[in-house]
Amino acid sequence: MECVNIALPKGRLGKTVYDMLASAGFECPELLEENRRLVFENAEAGVRYFWVKPSDVSVYVERGAADMGVAGSDILREYTPEVYELLDLGVGVCRMAVAAPRGFEYHPSRPLRVATKFPNIASRYYAGQGRDIDIIKLNGSVEIAPLLGLSDVIVDIVETGKTLRENGLEAFETIMPISARLIANKASFQFKNAEISLIHSALKRITGETK
Amino acid sequence: MIIDDSLLRRDEKAAFALRALFEKHGYSRFFMGRFEEYDLYAGNKDFLADDRMISFTDIDGTLMAPKPDVTLSVIRHTSDMPGQLRKVYYNENVYRAGRGDSGFREIMQAGLECIGEVKDEDICQTVFMAVESLNALGGRCVLNISNLSFVTDVFAAAKLRPESYGHALRFVREKNAPAIRDFCLSENISPEGRELLERLIAVHGPLGTMLESIRGICPGSPALKLLERVNAYLARLGKTDGVLLDFSIVNNMAYYDGMVFQGYMEGIPESILSGGQYDALARKMGKKAGAIGFAVYLNKLEYLDK
């Protein structure tokens, strides 16, 4: 069996997914050791893991540096990488929503100002509504934009809504639900099909049990 | 003059090998200019892999473009000849935007096109030529085959609304089981319909074996019969190794209809060969002809230069 390269998102989600993979027999214990290494291999189990920035997972997989990976459906909808999206892992569950200061109303005579880290998702959403918008692309702390008058609304990920509430905002439209997905490179799917299918099936069993 | 082929780059060697293969099987070389009128591409942007292209104003004021694609030029410069089939090949450079914002690139492409009265036998032979083209490149290769008409037959059997075919096709292209589940719920598709779609996206394996496994799905479908015919043709020539049935090859249905295929080579993270029947494109460009062809993206061989 060939070794399958798997890109995991750094952080809590990546660790949760690694636990799922480990319980399916694809463990690599040194991955959880406190050190600064980024690549870990268990040749016996046929897996090599990489920790990468969550938004880069799909890039590694699309370009074939990783055969498989775990990416949020927000990232997959934003960047639309040419990959297979094999499984909803049922973790990292949240939603993409439109939020604004409480009592917000659309201004009738000018485009809606939308601050977001996800300009493609926001553009598609408002295009579907036929609404004219002005997209303001930000890289973080999006919640502050309406408070400082930079935007009317934000399009962002909402998990519990606590950050929004603490900043006087509320989510008033849900664009889509989000969760972590198992993805695969299309060429790897051809040449490492047995190995990828094994991991896919094992995770499918586990998600079936945990949902 | 004897040329030492160790002096040639990998893509140059492949171009010679493909040219020899195409000539051997009776395809004639199609010569074309380096530029076309910009309008040819602007009017068919969805057919192109990327709608960004270089443009310039010619000395007579006409807006021109260095070719971003070969197929459109071949169709444009081929006249309708009722009852006949024109079989041509090309080896051309095209100019396309690189991924992301990495600027325009010159890309070497080789391929073949059959335009005119395309019969089932010609479709079988084109798939055979795709298999042989991959073999000519050396290395371990596979060819994935699908039939878009069969995919739409399954959509109809699952009782999808025609206006939602576009969404469903995207999920088929991604083998996206979670999205199919959500789609079926939101579209009120029956459990039987959902099962059909799930079976469709799970198909991946040797053409003959997979055709057996889907025999019960839309059994009367002419598209399925064509896939069976291709399998029999390849089997007769002993060329079924590495030929897989996989319905996730979804080209733009405004242009492609019927058989589509994609080739992969080990060590290259994306498809190196792509093609299919594009009767709809030929019709859109005012031709009465049928058309099938494929391109080999020789620039992608550079992935093998570690």
Side-chain angles (χ1 to χ4, degrees), chain A residues 2 5 7 56 58-73 76-77 79-93 95 120 124 128 174 176-194 196-197 200-201 203-204 207-208 211, chain B residues 49-50 98-100 102 134 139-146 167 170-183 185-186 198 201-206 209-210 242-251 261-274 297 300 303-304 306:
Chain A
E2 283 191 77
N5 298 312
D56 289 341
S58 64
V59 178
Y60 280 83
V61 175
E62 184 182 30
R63 295 259 182 165
D67 301 308
M68 304 181 86
V70 172
S73 49
L76 298 174
R77 299 299 158 263
Y79 298 107
T80 57
E82 200 55 45
V83 295
Y84 286 138
E85 193 174 324
L86 301 175
L87 186 63
D88 182 347
L89 293 165
V91 293
V93 177
R95 63 185 169 123
N120 294 325
R124 278 198 301 270
T174 294
M176 61 182 191
I178 293 169
S179 56
R181 306 296 167 101
L182 180 70
I183 60 173
N185 173 269
K186 290 192 169 187
S188 301
F189 194 83
Q190 313 296 323
F191 299 108
K192 294 185 180 178
N193 189 265
I196 288 174
S197 297
H200 177 203
S201 303
L203 287 175
K204 212 167 159 183
T207 53
K211 264 184 198 173
Chain B
D50 191 305
R99 284 192 197 199
S102 55
L134 290 172
R140 186 176 163 214
C141 294
V142 298
L143 185 74
N144 282 355
I145 295 184
S146 172
H167 275 105
R170 199 187 94 211
F171 306 143
V172 170
R173 191 178 77 219
E174 296 168 350
K175 285 190 179 288
N176 196 332
I180 290 278
R181 175 199 62 202
D182 296 343
F183 171 79
L185 284 173
S186 68
E198 287 173 343
I201 63 168
V203 169
H204 178 86
T209 316
M210 286 293 114
V243 180
L244 311 178
L245 184 64
D246 190 316
F247 294 109
S248 68
I249 312 158
V250 173
N251 296 342
F261 36 88
Q262 246 170 20
Y264 291 89
M265 186 176 191
E266 195 166 36
I268 299 177
E270 50 196 273
S271 64
I272 188 167
L273 181 151
S274 178
Y297 309 110
K300 293 187 184 177
Y303 277 108
L304 302 175
K306 300 290 182 197

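These numbers were taken from a predicted model, which means no experiment stands behind them. Per chain, numbering begins at 1; letters A, B, ... match sequence-line order.
- Here the closest non-hydrogen pair linking A:Gly64 and B:Pro269 is CA-CB, 3.6 Å.
- Within 6.0 Å of atom CZ in B:Phe247, more than 12 heavy atoms from other residues, nucleotides or ligands are found, so the atom counts as buried in its surroundings.
- Between chain A and the residues B:Ser248, B:Gly242, B:Ser271, the most heavy-atom pairs under 4.5 angstrom are made by B:Ser248.
- When heavy atoms are compared at a cutoff of 4.5 Å, A:Asn193 approaches chain B solely by way of its side chain, counted from C-beta outward.
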Assess whether side chain to side chain contact (heavy atoms under 4.5 Å, CB included) is satisfied between B:His204 and A:Gln190, documenting all intermediate values.
CA-CA 9 Å; B:His204 178 86; A:Gln190 313 296 323; 3.2 Å; yes
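- Scanning for side-chain contact (heavy atoms from CB on, under 4.5 Å) contacts around A:Glu2 gives A:Lys192, A:Glu195, B:Arg140, B:Glu266, with sequence neighbours left out.
- One finds the CG atom of B:Asn144 at 9.0 Å from the CZ atom of A:Phe189 (value rounded to the nearest 0.5 Å).
- Between B:Arg173 and A:Lys186, the shortest heavy-atom contact is O-NZ, 3.3 Å.
- Taking each heavy atom of A:Asp88 and B:Pro178 in turn, the nearest pair found is N-CG, 3.3 Å.
- Separation of atoms CD1 (B:Ile180) and CD (A:Glu85) is listed at 11.0 Å; rounding is to 0.5 Å.
- When heavy atoms are compared at a cutoff of 4.5 Å, A:Glu82 approaches chain B solely by way of its side chain, counted from C-beta outward.
- When all heavy atoms of A:Phe191 and B:Tyr264 are compared, the pair lying nearest together is CZ-O, 3.6 Å.
- Neither the backbone nor the side chain of B:Ile272 has a heavy atom closer than 4.5 Å to any heavy atom of chain A.
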Could you go through the side chain to side chain contact (heavy atoms under 4.5 Å, CB included) check for B:Glu174 and A:Leu76 one step at a time?
CA-CA 11 Å; B:Glu174 296 168 350; A:Leu76 298 174; over 6 Å; no
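- A:Ile183 contributes atom CD1, which lies 11.0 Å from atom CG of B:Asn176 (distance to the nearest 0.5 angstrom).
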